[in-house]
Amino acid sequence: MIRGHNLHGIILSGGEGKRFRPLTYYFQKCMIPVGSSQRPLLEYVIRLLAYHKIRDVTLLVGYKYEQVTNYFNGGNVSV
C-alpha cells in the first residue's frame with residue numbers, strides 16, 4: 001500500500017456465468033457459496049481487500065444485481 005494514499009477497489013462481478021450453469025440459474029456468479037462456511041465468493045474477495053486496508057470498494061454488477069445488493073445490505077457493510 002502506498003503511504004498517504006487512499007486506495008479504491010473495483011470488482012467486476014456482473015457476468016451471467018453461462019459456463020457455471022445450472023448453478024447460475026439460481027445464483028449470480030460471484031454469489032455462489034463456497035467453502036465450509038458456504039459464504040459467497042464475493043464476500044471472501046471483499047474481506048481480502050479489507051485485510052489489505054482497502055475500505056472503499058465499487059462493485060460493477062449487472063446480472064442478478066439484487067442478490068448482491070440484498071446480501072451486502074445495499075452497500076452498508078463493515079468487514
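Quick caveat: nothing in here was measured; it's all calculated off a predicted structure. Index from 1, following the sequence.
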Compare all side-chain heavy atoms of [X] with those of [Y] and state whether any distance is below 4.5 angstrom.
X: Pro40; Y: Ile32; answer: no
X: Leu59; Y: Val68; answer: yes
X: Ile10; Y: Val57; answer: no

Give, for atom CG of Leu42 and atom CD1 of Ile11, the distance between the pair rounded to the nearest 0.5 Å.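 Taking CG in Leu42 and CD1 in Ile11, the distance rounds to 5.5 Å.
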With sequence neighbours left out, write down each residue that passes side chain to side chain donor-acceptor pair (under 3.5 Å) with Ser37, or none if nothing qualifies.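 Partners of Ser37 by the side chain to side chain donor-acceptor pair (under 3.5 Å) criterion, ordered by chain and then number, come out as Tyr44.
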Taking side chain to side chain donor-acceptor pair (under 3.5 Å) as the test, write out the residues that go with Arg19, two or more places apart.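 Listed in chain order: nothing, the list is empty.
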Closest non-hydrogen atom pair, [X] against [Y]:
X: Arg55; Y: Ala50; value: NH1-O, 2.6 Å
X: Ile54; Y: His8; value: CG2-C, 4.2 Å
X: Ser13; Y: Gln28; value: O-NE2, 2.5 Å

Donor-acceptor under 3.5 Å ([X] side chain, [Y] main chain):
X: Arg39; Y: Val34; value: no
X: Gln67; Y: Tyr26; value: yes
X: Glu43; Y: Phe72; value: no

Residues in side-chain contact (heavy atoms from CB on, under 4.5 Å) with Tyr25, at least two apart?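 In terms of side-chain contact (heavy atoms from CB on, under 4.5 Å), with neighbours along the sequence ignored, Tyr25 is linked to Arg21, Pro22.
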Verify same cluster id: Met31, Leu41 (apolar side-chain graph, 4.5 Å):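 No, because Met31 and Leu41 fall into different hydrophobic clusters, even though each may have its own neighbours under 4.5 Å.
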same_hphob_cluster(Tyr63, Val61) at 4.5 Å side-chain heavy-atom cutoff: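 Cluster IDs for Tyr63 and Val61 differ.
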